[in-house]
Amino acid sequence: MHSLLFDTNALIYSVCTSAQYHEDVQQLLRSTLASNGCIYALASSLNDVYYVLCRHYLSEPDARSAIRDIAETFDLVDLTGLFVFESIDSDEPDYEDGLIRVAAEELQVNAIISYDKAAFKSSFIPKMTAREALETFFRVPQTLTPKPSRITPNVT
């Protein structure tokens, strides 16, 4: 049984069907849930997901629906004062990455699922893309070629 914490960019890929990594993220979600694993997202990440979806990809009602899907699928992690102060003092490239790292380390998840190349380098929790997690935890082989993306969120 594996436990995974999803970064904002992976959450966006999970709900944007035309996103380059959508199928990988969806396959990871299905595999993790089928194996009785745990999938986590920070409740505070939903603010950023909503903003990006509304601003760039979906109508407001569709963005709310996507947020509902995430909230119903993931175990949401609430922030505590400890997370906030540890994030402020962390060496992550931005505050949100600090929150995700602190939560991942406190939860002792198996991996942080993220497409942010600069984040989580100092964490003892490994950062993986959905494809890397599928290969590592579920022995799912690499697909031949990823489909071209029309959506590539530039969020951390």
Side-chain angles (χ1 to χ4, degrees), residues 1-58 60-88 90 92-134 136-138 151-156:
M1 178 168 91
H2 303 289
S3 61
L4 307 170
L5 179 62
F6 284 65
D7 192 4
T8 300
N9 51 45
L11 294 173
I12 292 169
Y13 291 141
S14 78
V15 295
C16 287
T17 58
S18 60
Q20 178 178 3
Y21 303 111
H22 175 75
E23 288 304 319
D24 285 348
V25 173
Q26 284 297 310
Q27 186 176 9
L28 179 59
L29 291 172
R30 287 189 300 271
S31 297
T32 305
L33 292 172
S35 70
N36 293 318
C38 297
I39 52 172
Y40 297 102
L42 291 186
S44 63
S45 293
L46 299 184
N47 295 332
D48 294 327
V49 171
Y50 174 79
Y51 176 79
V52 170
L53 292 177
C54 282
R55 249 346 225 180
H56 302 287
Y57 306 114
L58 300 175
E60 199 281 335
D62 289 341
R64 281 184 187 250
S65 178
I67 294 297
R68 179 176 300 282
D69 289 345
I70 292 170
E72 291 175 349
T73 304
F74 288 79
D75 290 323
L76 298 178
V77 178
D78 292 322
L79 297 180
T80 66
L82 175 66
F83 285 16
V84 170
F85 286 104
E86 285 189 35
S87 177
I88 290 168
S90 81
E92 290 300 329
D94 65 51
Y95 175 71
E96 188 207 8
D97 291 341
L99 289 173
I100 290 169
R101 175 180 166 185
V102 169
E105 291 175 355
E106 290 295 320
L107 292 166
Q108 296 189 0
V109 296
N110 296 101
I112 299 168
I113 306 304
S114 179
Y115 293 84
D116 185 340
K117 294 184 188 314
F120 317 117
K121 290 180 179 178
S122 298
S123 178
F124 64 84
I125 304 291
K127 173 186 69 178
M128 298 179 180
T129 65
R131 174 57 41 199
E132 291 167 338
L134 284 164
T136 301
F137 300 128
F138 300 102
I151 298 175
T152 304
N154 187 16
V155 296
T156 56

Once rounded to the nearest 0.5 Å, what's the spacing between atom [atom1] of [X] and atom [atom2] of [Y]?
X: Thr17; Y: Glu23; atom1: OG1; atom2: CD; result: 9.0 Å
X: Asp62; Y: Ile67; atom1: CG; atom2: CD1; result: 12.0 Å
X: Leu134; Y: Met128; atom1: CG; atom2: CE; result: 10.5 Å
X: Asn110; Y: Thr32; atom1: CG; atom2: OG1; result: 9.5 Å
X: Tyr21; Y: Asn9; atom1: OH; atom2: CG; result: 10.0 Å
X: Ile100; Y: Phe83; atom1: CD1; atom2: CZ; result: 11.5 Å

Quick check: are there more than 12 heavy atoms from other residues, nucleotides or ligands sitting under 6.0 Å from [atom1] of [X]?
X: Arg30; atom1: CZ; value: yes
X: Phe85; atom1: CZ; value: no
X: Gln108; atom1: CD; value: no

With side chains defined as the heavy atoms from C-beta onward, is the minimum distance between [X] and [Y] less than 4.5 Å?
X: Phe74; Y: Tyr40; result: no
X: Glu96; Y: Ser45; result: yes
X: Cys38; Y: Leu4; result: no
X: Leu76; Y: Leu42; result: no
X: Thr129; Y: Ser114; result: no
X: Asp7; Y: Tyr115; result: no
X: Ser14; Y: Leu29; result: yes
X: Tyr95; Y: Ser90; result: no

> Is it the case that Gln20 and Tyr13 place a side-chain donor and acceptor less than 3.5 Å from each other?
Replying inline: no

>> Just to verify, which of Ile113, Leu33, Ile39 counts as forming a side chain to side chain contact (heavy atoms under 4.5 Å, CB included) with Leu28?
In response: Ile113

>> Cys16 vs His22, test: side chain to side chain contact (heavy atoms under 4.5 Å, CB included). Steps then yes/no.
In response: CA-CA 7 Å; Cys16 287; His22 175 75; 5.6 Å; no

>> Is the distance from the ring center of His2 to that of Phe137 below 6.0 Å?
In response: yes

[X] to [Y] - nearest heavy-atom pair and separation:
X: Leu5; Y: Ala103; answer: CD2-CB, 4.0 Å
X: Ser44; Y: Leu99; answer: OG-CD1, 4.2 Å
X: Asp94; Y: Asp97; answer: OD1-N, 2.8 Å

Please output the side-chain donor-acceptor pairs of residues 118-127 that fall under 3.5 Å, not counting sequence neighbours, one pair per line with the distance.
unit_1: Ser122; atom_1: OG; unit_2: Asp91; atom_2: OD2; d: 3.0
unit_1: Ser123; atom_1: OG; unit_2: Glu105; atom_2: OE2; d: 2.8
unit_1: Ser123; atom_1: OG; unit_2: Ile125; atom_2: N; d: 3.0
unit_1: Lys127; atom_1: NZ; unit_2: Asp116; atom_2: O; d: 2.6
unit_1: Lys127; atom_1: NZ; unit_2: Lys117; atom_2: O; d: 3.2
unit_1: Lys127; atom_1: NZ; unit_2: Ala119; atom_2: O; d: 3.3

> Taking Ser65 for the side chain and Pro61 for the main chain, is one N or O donor matched with an acceptor at less than 3.5 Å?
Replying inline: no

